[in-house]
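Predicted model, so just to flag it, every value in this text is computed and none were measured. Below, chains carry the letters A, B, ... as their sequence lines are ordered, and counting in each starts from 1.
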Amino acid sequence: MSSSRRQYPFHLIEPKWQEFWDKQQTFRAFNPGETVPENHPFARRHQLSGPASVTQLPPKFYILDMFPYPSGAGLHVGHPEGYTATDILARYKRAQGFHVLHPMGWDAFGLPAEQYAIKTGQHPRQTTEANIATFKRQIKSLGFSYDWSREVDTTDPEYFKWTQWIFLKLYNSWFNPETNKAEPVSTLEYPKELELLTPPSDSNDREASEKAKQILIKRFAYLDSKRLAYVTEAPVWWCEELGTVLANEEVVDGKSEVGGHPVVRKPMRQWMLRITAYAEKLLADLDTIDWSDSLKEMQRNWIGRSEGAEVDFAVVGSSRCDDRTPQRGVPTEKIRVFTTRPDTLFGATYMVLSPEHKLVDRITTSDQQTAIAKYKSEVAKKSDLERTELAKEKTGVFTGAFAINPVNGEKIPIWIADYVLASYGTGAIMAVPAHDTRDFEFATKFNLPILQVVQPSDPKTDWRGFVDDGTSVNSTGPEIAITGLPTAEAKKKITAWLEAKGLGKQTINFKLRDWLFSRQRYWGEPFPIVWKKDTSGNLYHEALLESALPVLPPSLTDYKPTATGEPPLARAKDWVNLPDGSQRELNTMPQWAGSCWYYLRYLDAKNPNAFVGKEAEQYWMGTVGRAAPSAPRPAGTAGPTPGVDLYVGGTEHAVLHLLYARFWHKVLFDLGYVSTPEPFFKLVNQGLILGEDGQKMSKSRGNVVNPDDILKEFGADAFRLYEMFMGPLEMVKPWSTQGVAGVYKFLGRVWRLFVDEKSETEFEQAETTAGCSVEPAARQIGAQRRRYNEELLDLIQLNSAIKAVAPTPAQLKTLHTCIKKVTEDLDGMRFNTAISAMMVFVNDTMTWETKPAAVLREFLILLAPFAPHLAEELWARLSTLNPQPSTSLSYAPWPKFDPAWLVEDTLEIPVQVNGKLRDVIKVPANADHATVEIAAKAAEKAQPFLAGKTIKKVIVVPKKLVNLVVG
RNA sequence: GCCGGUGUGGCGAAAUGGCAGACGCACAGGACUUAAAAUCCUGGGACCGUAAAAAGUCGUGUGGGUUCGAGUCCCGCCACCGGCACCA
């Protein structure tokens with residue numbers, strides 16, 4: 001990178017205004033009931049005095065960034081992309097008169113700090129604090145208009161106290177299917193058999209008291225089967241390397257998402273959150289929010305809803321049964337399957353159970369036992385990756401048993417195969433090889449019959465392996481016939497018949513599993529749970545009282561995971577064992593916990609009494625307060641936008657954070673703690689920034705761009721501007737340092753538009769002489785130096801071409817073209833073209849001999865969201881020309897576009913012949929069709945193409961174009 | 001395999017169905033300068049022409065279609081990126 005001449009003294013300007021904003025608390029947002037200081041620019045703009053009520057405050061606009069995990073590597077260039085976009089909009093919305101909430105914080109629990117602790121023994125708190133300091137310095141140096149008074153840190157006990165509090169709400173709630181929402185467990189009614197017996201009158205009645213005890217234990221289990229946070233012993237993903245279990249969502253291709261370590265299935269006692277209870281709501285409410293289709297689709301896929309039917313097949317042919325039909329009085333095993341295609345029931349020529357299915361051992365015939373046992377043990381040894389590997393050959397073993405197809409009484413063989421998953425549906429399928437790809441492959445390999453039952457509408461299509469809808473064929477049985485029916489009708493008819501016969505019922509299945517919520521780690525929120533023993537020595541869990549929060553993690557010297565899977569917290573014996581003999585829960589919560597609700601804490605970050613105050617929550621989440629006409633909101637509703645107005649972040653959180661946060665929010669909504677059903681109304685994903693070589697940035701490629709280097713050479717404004725100028729926000733795009741230089745040059749042109757060159761030369765000489773060029777890296781400077789820098793900057797005079805004169809119509813046209821374009825583009829988040837429009841404005845303005853101050857003043861308001869430091873500096877200088885009590889630039893009203901200035905007297909109209917451009921004519925703007933047509937026909941350059949031909953048709957698009965159609 | 005997205009100069013990219021390539025980078029030429037940097041001005045899709053022009057032809061991944069007119073709309077295909085993936 002060649003060090004070229006500095007375009008303008010950003011190294012003095014940027015720290016100056018960052019300090020100014022800090023000191024003035026320019027970007028502080030105020031909660032209802034708070035008194036806005038009289039001299040605060042927000043109070044002046046909106047004429048506020050005294051405590052501001054919800055109705056006095058302007059309409060809210062909540063612009064949220066996905067808060068970063070403060071890693072040791074510091075900020076990368078991807079972070080400021082989203083942050084700049086949101087900051088530009090925050091500043092734009094402030095100018096438009098909104099009350100903008102724009103906060104920042106730290107998602108600071110997580111593995112890296114703990115891994116570092118394991119290696120070095122340094123407490124994760126220390127690492128985390130150092131990383132936060134670095135991130136904060138870097139973010140602040142970019143001049144974002146965050147309200148730092150609302151900063152949150154998920155590892156702060158004052159914060160995670162409320163994370164634990166929300167856990168208690170989950171623990172103490174259940175999902176009531178009748179009211180279709182979460183309710184406190186106190187509303188839960190026990191089934192009849194768990195009704196408490198009247199206490200035995202004779203306390204020596206051991207039989208009765210034992211019975212009562214058993215009921216209590218069952219009640220406890222029943223509660224656990226309903227709680228939204230519950231403990232279960234289930235096969236979970238265990239990662240040896242990380243020494244912890246992981247959620248489904250954290251396992252990618254059979255490896256841990258963090259670090260790519262192998263994971264294995266292992267039964268362990270874990271905390272789970274019953275997110276499956278919300279599957280239907282999480283899916284349905286996607287229709288109420290403004291997210292990209294691709295993102296919604298990812299969530300839909302993850303939730304994985306499928307409608308179908310459960311069907312029972314009776315087992316025959318086991319050693320206990322007659323091999324033809326089940327007989328009266330003989331106990332009959334039933335295999336329940338789930339299918340989305342009940343219409344293909346007649347084509348079910350065999351069945352498959354997952355190898356782990358409970359019935360496998362019971363139905364396997366003696367001659368098949370060895371083979372089955374062998375297959376099961378092979379499958380058990382396979383990792384999940386091996387089981388799901390692409391293009392893998394189908395495997396399986398016949399159990400020796402048969403089942404009866406309920407629609408036609410056919411005897412069909414029962415197999416086991418690992419292509420059937422124990423964890424989905426019922427863990428068993430009816431195989432319809434003719435119309436299911438997997439069944440088709442399996443049947444082909446093992447020579448099982450393939451029977452057509454669906455006819456494709458196109459007779460040329462092969463029915464073998466045809467999986468789409470068609471018409472049922474060969475589907476007539478003794479009691480039910482669907483032959484000739486289209487798929488949808490066939491499904492309905494056969495499902496109704498199954499239900500009537502008690503053989504099955506319509507069902508909905510989800511791919512979504514409950515959320516595995518415990519980790520065997522140190523650096524996370526401890527659970528507010530203790531374990532106790534009952535009189536028989538059985539362990540049971542009990543929630544702590546809210547007054548016991550926060551539960552702080554103990555101090556440790558060794559953070560290593562234990563080989564047994566016992567969490568590191570177990571080492572802190574004094575912490576674990578409580579005086580009353582109970583023991584603390586040893587697991588911690590996953591990193592996702594803190595990020596599930598941080599956007600709510602911002603609303604009332606310092607509240608010591610609640611996770612968020614009601615009034616603040618209602619105002620900022622938009623269920624009370626004034627509406628703004630231009631704010632986004634769901635179609636057909638009035639009032640402010642419900643939820644966060646705009647949430648910007650990367651796609652990596654498409655299914656994890658965004659699903660979990662929606663889930664928690666919905667629970668809090670059901671319990672009455674928040675007032676909107678969805679947290680994030682509009683969500684935009686920023687695209688990845690690739691390296692200069694078009695590859696993803698990585699240390700190993702050596703193409704990583706460090707924001708600090710860019711700031712040092714070009715300044716924050718150029719960095720911000722470049723990140724927005726690269727292309728559309730959502731797109732993937734490669735970095736180009738030369739591109740930064742390009743927008744930097746533009747800012748230099750803006751600077752020279754405003755300042756007198758001679759005085760700037762003097763400034764530069766003075767600066768060089770004084771040898772006090774301050775490196776941006778060392779922006780923490782003393783008061784004396786700061787004063788001196790101010791004096792240096794004062795040497796720079798305003799450009800003498802700027803005068804307080806009335807602008808010409810042409811100048812106003814240039815200005816209003818820019819106002820229109822920038823305003824429209826900001827509304828559509830098209831930052832790149834907004835910047836182009838400003839470049840066009842400046843290119844034009846440079847040629848003006850006299851530059852009217854009023855025009856430049858308006859331009860600075862347009863520029864301010866993008867390059868706030870430079871805009872503030874020039875704004876301050878411009879106000880010296882026309883000293884008046886001017887508002888702070890950050891709250892200056894956004895310029896109003898006036899279409900009158902864009903009206904033209906004469907228009908240039910392209911003339912086409914047969915759709916090809918041949919000439920351009922000038923016509924008066926108010927010319928009628930006939931006039932334009934005559935002028936077009938006379939267009940000189942069009943003549944050669946008209947000669948000797950008849951004009952068959954003339955298309956006149958008013959003010960746009962003329963097309964002459966000739967034959 | 002399924003779902004979503006994207007294909008436009010040397011590069012990043014613009015274009016409510018109406019002058020394709022705005023704006024910027026890189027490049028080339030000029031001015032200023034002892035010189036360089038910086039700055040300012042000019043040029044630029046390809047082809048064919050020409051001393052230089054002009055005119056002309058072609059041109060938005062690809063093949064069709066709709067239309068007076070298509071980068072934009074419709075149908076088929078190809079490539080790349082992202083997500084999901086034996087979910088019955």
Exercise for review: Show your working on side-chain hydrogen bond (donor to acceptor under 3.5 Å, both in side chains) between A:Gln7 and A:Arg752 and close with a plain yes or no.
Suggested key: CA-CA 9 Å; A:Gln7 290 275 345; A:Arg752 290 188 293 277; 3.0 Å; yes
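In this model, the phosphate group of B:C81 is not approached by any side-chain N or O of A:Lys733 to a distance below 4.0 Å at OP1 or OP2. Contact annotation: A:Ser736 side-chain N/O to B:C11 OP1/OP2 distance is not under 4.0 Å. At B:G24, none of the side-chain N or O atoms of A:Gln738 fall inside 4.0 Å of OP1 or OP2 (strictly under the cut-off). For B:A55, the OP1/OP2 oxygens have no side-chain nitrogen or oxygen of A:Arg918 closer than 4.0 Å. When the side-chain nitrogen and oxygen atoms of A:Asn832 are compared with OP1 and OP2 of B:A14, one or more of them lie within a distance under 4.0 Å. In this structure, A:Arg749 reaches the B:C40 phosphate: one of its side-chain N or O atoms is under 4.0 Å from OP1 or OP2.
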Exercise for review: Spell out protein contact along nucleotides 67-73 of chain B as letters: B when the base is contacted, S when just the sugar-phosphate is, - when no protein heavy atom is under 4.0 Å; keep the 5' to 3' order.
Suggested key: -BS----
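Pair assignment for B:A31: B:U39, on the basis of Watson-Crick or G-U wobble contacts that are both within less than 3.5 Å. Nucleotide B:G63: paired with B:C75 (Watson-Crick or G-U wobble, both distances less than 3.5 Å). Judged by Watson-Crick or G-U wobble contacts below 3.5 Å, the nucleotide B:C80 has B:G5 as its partner. Across all strands shown, B:C48 forms no Watson-Crick or G-U wobble pair with both key distances under 3.5 Å.
Within the 3.5 Å criterion, the main-chain N or O of A:Thr344 finds no donor-acceptor partner in the side chain of A:His435.
To the nearest whole angstrom, the two P atoms, one in B:G76 and one in B:U50, are 48 Å apart. Nucleotides B:C78 and B:U62 place their C1' atoms 7 Å apart, quoted to the nearest Å.
Residues passing the ring pair (Phe, Tyr, Trp, His ring centres under 6.0 Å) test with A:His357: none are found, sequence neighbours excluded.
Straight-line distance from the CG atom of A:Leu753 to the C1' atom of B:C40: 14 Å, rounded to whole Å.
Note: A:Phe442 and A:Tyr419 meet the aromatic proximity criterion, with ring centroids under 6.0 Å apart.
Between A:Glu730 and A:Gln686, every side-chain heavy-atom pair lies at or beyond the 4.5 Å cut-off.
Taking a 6.0 Å sphere around NZ of A:Lys296, one finds it holds more than 12 heavy atoms contributed by other residues, nucleotides or ligands.
The listed nucleotides are B:C86, B:C23, B:G5; the one nearest the side chain of A:Met839 is B:C23.
Within 3.5 Å, a donor on the side chain of A:Ser836 pairs with an acceptor on the base of B:A22, or the reverse.
In this structure, A:Phe725 reaches the bases: a heavy-atom distance under 4.0 Å links it to at least one base atom across the strands shown.
A cation-pi arrangement is absent between A:Arg662 and A:Trp302, since the terminal nitrogen or guanidinium carbon is not both under 6.0 Å from the aromatic centre and inside a 45° cone about the axis.
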